[in-house]
Every structure is written in C-alpha cells, then in structure tokens.
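In what follows, chains are A, B, ... by sequence order, proteins preceding strands, each numbered from 1. Just so you know, these numbers use all the heavy atoms, side chains as well, and skip hydrogens, waters and symmetry mates. Treat the numbers as computed from the prediction; the structure is a model and nothing was measured.
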4 protein chains.
Amino acid sequence: MLFADGGRAAVSFDQVARRAGASRTAIYRRWDTREALVASALRAFRAESETGLEDWADRPLEEVLDLFVERAAAALEDQFARDLLRQLVALGPDGGAITQTYLVEMFAPRRDAFSAKIREAQDDGQIDPALDPDLMQDLLAGALIHRLLLWGDLATDAAPKAYIEAVLEAAGFPRRPGHKTLGA
Amino acid sequence: MLFADGGRAAVSFDQVARRAGASRTAIYRRWDTREALVASALRAFRAESETGLEDWADRPLEEVLDLFVERAAAALEDQFARDLLRQLVALGPDGGAITQTYLVEMFAPRRDAFSAKIREAQDDGQIDPALDPDLMQDLLAGALIHRLLLWGDLATDAAPKAYIEAVLEAAGFPRRPGHKTLGA
Amino acid sequence: MLFADGGRAAVSFDQVARRAGASRTAIYRRWDTREALVASALRAFRAESETGLEDWADRPLEEVLDLFVERAAAALEDQFARDLLRQLVALGPDGGAITQTYLVEMFAPRRDAFSAKIREAQDDGQIDPALDPDLMQDLLAGALIHRLLLWGDLATDAAPKAYIEAVLEAAGFPRRPGHKTLGA
Amino acid sequence: MLFADGGRAAVSFDQVARRAGASRTAIYRRWDTREALVASALRAFRAESETGLEDWADRPLEEVLDLFVERAAAALEDQFARDLLRQLVALGPDGGAITQTYLVEMFAPRRDAFSAKIREAQDDGQIDPALDPDLMQDLLAGALIHRLLLWGDLATDAAPKAYIEAVLEAAGFPRRPGHKTLGA
DNA sequence: ATCTAATCGAGACGGTACGTCGCGTCTTGTT
DNA sequence: AACAAGACGCGACGTACCGTCTCGATTAGAT
C-alpha cells in the first residue's frame with residue numbers, strides 16, 4: 001500500500017488513480033484531500049484485517065493479557081502492518097483526519113475493552129485496585145511496538161511473555177512459584 | 001530541520017542547497033546520496049544536543065532509573081526531538097545509513113551503559129540476577145515513546161514514575177512501604 | 001454565437017445544452033454530430049438575417065453592381081457576420097456538412113442571380129459577351145472579403161466604389177467622363 | 001503543423017511538447033503564451049519557405065504583375081499553405097501577436113515592394129497616376145484568396161491571367177490587340 | 001606571472017505531481 | 001419513452017519542485 005510504503009506524501013492522487021485503473025479525475029471526485037484518501041485506505045485495511053474484538057468477559061486475567069499481547073505481536077509480524085504503523089507514528093497525534101481514523105476507530109475500542117477487563121479484575125480483588133489500566137497497556141504495547149518498530153526485532157523470543165509477567169508482578173497478581181520475571 | 005518535518009523525502013538536495021546558500025552542485029559534490037545528507041544532519045544534531053553520558057557508576061539503582069527515564073522524557077518534551085524520533089521510527093530498522101547512524105551512534109551507547117549498570121546491580125544482589133536488562137529498557141523506553149509519539153501525551157503526569165516503580169517491582173527490588181505501583 | 005466565436009471546435013454539445021437550458025442527452029437525441037449542430041445553427045442564422053434576394057431583373061447593370069457590393073459590405077460591417085465568415089473560411093471547402101450548408105444554401109443563390117443579370121447585360125450588348133461573370137464576382141467579393149477579414153478594414157472608404165469602377169472598366173462598359181478608376 | 005490543422009486552439013503546449021520530443025516544462029520555459037508559440041511556428045515556416053523578394057526594379061510592369069499573382073497562386077497550391085492561411089483568416093486582424101507576425105513580417109514587405117513598383121510605373125507614365133496600388137492588390141490577391149480558400153478552386157485555369165488583364169485594363173494600361181479581359 | 005585544473009553558480013531539461021476545467025460517452029433513475 | 005442528473009475517462013491547463021547535466025566564470029595551484 002502506498003501509505004505504508006512512503007507515508008502520507010506517497011499517497012498521491014496520481015498513483016492512486018493509476019493503481020485503481022481509474023482516472024485522476026474520478027479520484028478527485030470522491031476524495032477532495034489527500035488525507036481523506038489515506039483515511040479511506042486505513043478503514044479499508046481495517047475492515048479487511050479486523051477480526052472483531054474477542055469476548056474477554058469470561059476469561060481469566062492472565063489469559064486476557066496473553067491474548068492482548070499475542071494479538072499485538074501477531075499483527076506486527078506482518079511486515080505490511082509494521083510499515084503501516086510506522087507511518088502512523090510518523091504522522092503523530094496531529095495528523096488530522098488520518099490520526100483520528102486510526103486512533104479513534106482502530107486503537108481506542110480495543111484499549112477500552114482491555115481497560116474494562118482490568119477494572120473487572122480489580123472488582124474481583126485479583127489485582128491492586130489502585131492500578132491504572134492505561135499504564136499497564138502503555139508498558140505492554142509500548143515495549144512491543146518500540147522494539148519492533150525501532151529495532152526491528154524482539155530482544156528475545158520470550159519477550160512478550162516476560163512483559164506480561166512483569167506487569168502482572170507489578171500489579172500484585174499472585175504468581176505461581178517458578179515463574180520467570182523479565183528473565184531472559 | 002527538514003528531516004524532522006517531512007522525513008527522508010523532504011531532505012532534498014534542492015532545499016539543502018537553498019538553505020545553505022549554496023548551489024546544488026556544491027551539495028552534490030560533498031554528499032552523493034540523500035541518505036548521506038540525512039546522516040550528516042543527524043550527526044550534527046547529535047553533536048549539538050548531546051550532553052554526554054552521565055557517569056552512572058556510583059549512583060544507586062533507583063537514581064539511575066530515574067535519570068534514565070527523566071532524560072528520555074525531557075528529550076521528548078521538545079517538539080523538534082519528538083518529530084525527529086517520529087521520522088526515525090518511520091524509517092525503521094531498514095533505513096540504511098540513517099538508521100545505522102542513530103541506532104548505533106545515538107541509542108546504543110546509552111543502552112549499553114544502562115545495561116552495564118543493571119548487571120552491576122545484579123552482581124551486588126540488589127535485583128534478580130536472571131533479569132534481562134534489555135527487557136527492562138524496552139518497558140521503560142517503550143512505554144514513554146509509545147505514549148508520546150502515538151498518543152501525544154502521557155496518561156498521567158506521574159506516568160514516568162509509575163513505569164519505574166513497576167519495573168522495579170517486577171525486578172524484585174525491595175520497595176519502601178506505601179509506594180505506588182502503576183497507580184493512578 | 002458559439003461557432004462565430006471559436007469555430008467548429010467551440011460548438012460543443014455541452015455548451016449548446018447549457019445555453020438551451022436542456023440536458024446533453026436531449027441535444028444528442030436531436031443532433032448526432034457536431035457538424036449537424038453547426039449546420040443547424042447556420043440555417044437558423046440565415047433564416048433570421050436573410051431578407052431575401054432583391055429582384056435585380058429590371059435594374060440597370062450599374063445599380064446591380066452597386067447593390068451587390070453594398071450588400072456585401074453592409075453584411076460584413078457587422079462584427080458578428082465577419083466572425084462567422086472567418087470561421088467558414090477556416091473550415092474551407094472541405095468542411096463537410098457545414099460547408100455544404102453555407103456554400104450551397106447561402107452563397108450560391110446570390111451568385112447565380114448575379115450571374116444571370118450579367119448574362120442579361122451581355123445579351124443586351126452592354127458589356128463584352130465574352131466575360132465570365134464568376135470572375136467578376138471573384139474580383140468584387142474577393143477584394144472586399146480579403147480586406148475586411150485579413151486586414152480588418154478597407155484601404156479607403158471609397159474602395160467598394162473603386163472596385164466596381166475597375167470591373168466595369170475591364171468589362172468594357174462605357175464610362176461617364178470624369179469617373180475615377182481605382183483612384184484613391 | 002498543428003496550427004494549420006486546427007487553428008490557435010490546436011496548438012496546445014501538450015501537443016507541441018509531444019511532437020518536439022520534449023517535456024511540457026521545457027516548452028513553457030521558452031514560450032509563455034500560446035500565441036508566442038504560434039508566432040514562433042509562423043516565423044519558422046516563413047524562414048523555411050521564404051525565397052526572398054524578387055528584385056522587381058528592372059522588370060516591365062506586366063511581368064511584375066504576372067510574378068505577383070503567379071507567386072501567390074503557387075504558394076496557395078500547397079494544401080498546407082492554404083490551411084495555414086485559412087487559420088490566419090480565422091484569427092483575423094485582432095489575433096494579437098500572431099496577427100502581427102504574419103501581417104507585418106510576412107505580408108507587408110511584399111505588399112510594399114509591389115506598391116513601390118506601381119508608383120514607379122506611374123512616374124514613367126505607363127499607367128494612370130491616380131491609381132491606388134493597394135486597391136490593385138486587393139483585387140488581385142483578394143480574388144485569388146477568396147476563390148481558393150472559400151470555394152477551393154479557381155473558376156478557370158486562366159483566372160489568374162484574367163484578373164491581371166482586368167486590373168491592367170482598369171489601370172489604363174495600353175493593351176495589345178486580341179487580349180482577353182475577364183474572358184472565360 | 002601565466003597556464004591549468006578544480007570548484008562553483010546559474011540554469012536548462014525531463015519527470016512527476018498538483019488541482020482544475022471542459023468535453024463526449026454512458027449509466028441510472030424519474031417522470 | 002423521453003428526460004435530467006451525474007459519473008467516468010480523456011486531454012489540457014499552468015505551476016512547482018526535484019535530480020541530473022551542461023555550461024561559463026572564478027579561483028587556486030603549479031609550472
């Protein structure tokens with residue numbers, strides 16, 4: 001995809017028209033700005049790749065964390081998705097319509113679902129009720145994204161697991177003996 | 001700076017020449033690729049902004065962590081630095097000479113210094129010797145970068161502190177009573 | 001009129017539809033080619049401007065010549081008519097249906113009427129019977145048209161008169177003493 | 001040539017660039033208006049076809065007239081030249097730079113040379129000194145152009161000769177016995 | 001001191017893209 | 001069945017910026 005390859009600037013009306021086998025005029029008729037073009041492309045990509053949010057309600061906390069991280073890692077294994085995210089980062093939170101599209105439509109729902117699950121676990125007394133679910137996600141998602149986007153790989157194959165363990169430990173979640181925390 | 005504003009594509013020989021008050025010919029003579037141009041700019045920026053690595057050797061672990069995170073947070077408060085990092089992320093680890101420049105010359109030294117400090121703390125028995133210092137840094141740096149680049153702000157002002165607490169907790173570092181971990 | 005302003009190319013179905021307050025579809029239904037459109041316009045213009053051929057039968061030759069030239073000059077005084085003729089010239093004799101329309105329907109009748117009058121004068125012995133009426137008209141009409149279309153004005157106000165004198169002289173028509181021939 | 005085929009509108013920067021094997025940018029660099037483009041083309045055509053003005057000084061009047069008409073007829077035998085002239089007529093005297101180019105640079109010199117010859121003949125007492133050379137040329141050139149451009153052919157092969165005879169007769173030039181005047 | 005060679009600027013050129021307009025064609029829905 | 005509305009491909013508009021290349025002019029060093 002053009003955006004994933006070269007960012008916003010690469011999504012030219014010319015190229016889009018050429019790849020769509022349409023005339024530039026037709027593209028201009030449907031989208032009036034480059035941003036609208038990109039936003040549409042993002043939504044199309046999402047519609048195609050989105051498998052829907054899992055129902056996390058009845059699963060144990062550990063499993064939810066696993067799924068959360070596993071999902072993220074799996075998504076970022078795809079080179080295309082990685083490039084896509086890269087360009088979204090390049091735009092940053094001030095990217096106008098594009099940012100709105102992905103932050104609000106793609107990331108926020110999952111983030112909210114995760115937070116809800118955490119709150120639930122807190123109500124059940126499983127983890128420290130003073131925890132901020134957002135911070136937990138920052139650590140988990142941040143570590144993954146940071147490694148994969150900036151360095152290109154994980155420090156260890158077991159890294160995702162280790163991130164989860166660390167967060168659970170910090171959350172006061174009772175660990176099984178013999179568990180590894182941030183261990184190599 | 002051109003690169004921070006528009007990424008690699010924005011660093012054109014034309015613009016560079018114009019800003020330098022020179023002719024394109026002159027620029028071409030000194031740098032033969034766009035990448036070389038960017039790499040030079042990055043080094044220049046680094047030379048100007050780098051205050052040198054602190055001497056962490058004799059400080060307690062907690063302070064080192066504080067400094068590490070504080071440094072990072074301070075650096076990313078500058079809009080320019082944030083934009084710069086954004087574009088570096090956009091390039092990713094396959095960005096050729098540019099990536100080499102910043103990953104190897106700018107990030108790696110600090111990362112290594114930090115790792116050394118952790119190893120030292122492990123030798124002293126302060127924290128779990130099985131810890132992988134890289135994973136600790138992934139969590140700390142990742143959480144910060146992820147929030148600031150992608151969302152544009154921190155979840156809480158106290159977030160940096162909370163990240164450190166979480167990592168220390170997970171590392172088995174003995175905490176003072178009454179400390180907050182990942183709390184709001 | 002569109003044709004007078006920009007020639008055949010300017011008579012677009014689009015413009016015609018817009019000016020007629022109709023849809024392109026409607027225009028296409030009635031005329032299938034651009035030429036048909038122009039031809040129709042020409043006929044409409046002729047129907048509106050044509051005052052009918054004068055009855056030259058009973059007038060003296062000199063008067064007929066006067067009328068012929070005067071008519072032509074008057075018609076070409078109108079800027080619109082001049083532009084129209086310009087575009088007809090631009091098309092030339094190979095202009096298909098358009099040329100047919102104006103050459104056959106607009107010019108030929110007058111030309112024939114003039115020729116008939118000349119033949120009549122020849123039968124009466126007024127002028128040289130060997131004269132070709134067509135050549136006379138070429139000289140008269142040609143001089144006028146050439147000046148007005150190409151140069152934009154007459155060399156002299158008396159030019160039309162002078163043309164007639166010259167042709168009559170060449171035709172052996174007995175001139176009054178003191179007449180001017182091709183004089184300034 | 002584009003102009004001869006479709007008039008001013010057909011001389012598009014796009015087409016010119018394509019035919020010249022150049023980029024549109026380059027064309028825009030050299031000519032800033034469509035008119036300048038056409039004017040250049042006209043001059044190029046003239047430079048290529050112009051054989052220079054004959055030296056009419058020492059020739060008898062009849063021969064000069066013959067040459068004048070013969071030249072014009074020969075030039076208009078070429079279909080291309082005829083189309084070119086057609087488009088010039090279509091533009092008319094208000095065609096801006098284009099009109100200037102051909103009226104002033106191409107037609108006027110020859111016209112002036114002809115006039116000078118006539119004046120000379122008048123000084124020699126060969127023809128009526130009251131004659132206006134411009135009117136003579138209007139008749140000669142007009143008749144030719146009018147026939148060829150509007151009707152597409154001459155009324156007779158002998159037409160050019162007949163035009164000359166008529167003009168000479170009207171000019172009071174002593175004719176040989178047996179000459180034909182406007183005869184078929 | 002002069003000649004030579006490197007360096008420089010200015011600028012032309014081919015690309016690519018921009019955003020717009022008008023046109024002829026074709027499809028779709030509405031009287 | 002005639003119609004309006006409108007989408008579409010095409011060509012052209014005039015502009016901008018970029019990388020490449022070719023020129024003269026200037027400058028410096030070497031003879």
Side-chain angles (χ1 to χ4, degrees), chain A residues 2 5-38, chain B residues 2-3 5-38, chain C residues 2 5-38, chain D residues 2 6-38:
Chain A
L2 287 166
D5 286 345
R8 176 167 43 178
V11 185
S12 73
F13 280 82
D14 265 288
Q15 281 298 330
V16 169
R18 210 164 302 166
R19 303 218 174 174
S23 70
R24 211 172 49 245
T25 325
I27 309 297
Y28 272 110
R29 262 187 276 266
R30 294 196 192 287
W31 297 275
D32 43 359
T33 69
R34 192 193 293 260
E35 272 68 30
L37 213 52
V38 176
Chain B
L2 287 167
F3 178 72
D5 285 346
R8 175 168 44 177
V11 185
S12 69
F13 281 81
D14 199 79
Q15 282 297 331
V16 170
R18 210 165 304 173
R19 303 214 174 178
S23 72
R24 263 170 313 201
T25 327
I27 308 298
Y28 272 106
R29 225 182 314 278
R30 299 198 196 286
W31 297 276
D32 44 357
T33 70
R34 193 194 291 260
E35 272 67 30
L37 217 55
V38 176
Chain C
L2 288 165
D5 285 347
R8 178 167 43 179
V11 184
S12 68
F13 282 81
D14 200 78
Q15 282 297 332
V16 170
R18 208 165 305 171
R19 304 215 172 176
S23 72
R24 262 172 312 202
T25 330
I27 307 298
Y28 271 106
R29 223 181 317 277
R30 297 196 198 289
W31 297 274
D32 44 358
T33 71
R34 192 194 291 260
E35 272 68 30
L37 218 56
V38 176
Chain D
L2 287 166
R8 175 167 46 179
V11 185
S12 72
F13 280 82
D14 265 287
Q15 281 300 329
V16 169
R18 209 162 304 164
R19 303 217 174 173
S23 71
R24 213 173 44 247
T25 325
I27 309 296
Y28 273 111
R29 260 187 279 265
R30 296 196 192 287
W31 298 275
D32 43 359
T33 70
R34 191 194 293 260
E35 273 68 31
L37 213 51
V38 176

message: Can you tell me if C/R34 touches the phosphate of E/dG24, counting only side-chain N or O atoms and a distance under 4.0 Å to OP1 or OP2?
response: yes
By nearest-nucleotide position on DNA chain E, the 5'-leaning member of A/D32 and C/A9 is A/D32
Among the nucleotides E/dG9, E/dG14, F/dG9, whichever has the atom closest to the side chain of D/A22 is E/dG14
Here the residues of residues 10-21 of chain A within 4.0 Å heavy-atom distance, strictly under, of DNA chain E are A/S12, A/F13, A/D14, A/Q15, A/R18
Whole-Å distance, B/L2 CG to F/dC18 C1', equals 13 Å
Please list, for nucleotides 27-30 of chain E, all pairs of protein and nucleotide N/O atoms separated by less than 3.5 Å.
none

Pairwise side-chain contact, D/D14 with D/R18, heavy-atom cut-off 4.5 Å (strictly under): yes
Rounded to whole Å, the CD1-P distance (B/I27 to E/dA10) equals 13 Å
With a 4.0 Å cutoff (strictly under), does any side-chain N or O of B/R29 reach OP1 or OP2 of F/dC21? no
DNA chain F nearest-nucleotide lookup for A/A26 and C/S23: closer to the 5′ end is C/S23
To the nearest angstrom, the CH2-C1' distance between D/W31 and F/dG14 comes to 17 Å
message: If you compare every side-chain N and O of D/Y28 against the phosphate oxygens of F/dT15 (OP1, OP2), does one of them come in below 4.0 Å?
response: no
- Query: So, the side chain of D/R34 versus the backbone of D/A9: is there a donor-acceptor pair under 3.5 Å, distance only?
  - Reply: yes
| said: Would you say C/R24 places a side-chain N or O within less than 4.0 Å of OP1 or OP2 belonging to F/dA5? | reply: no
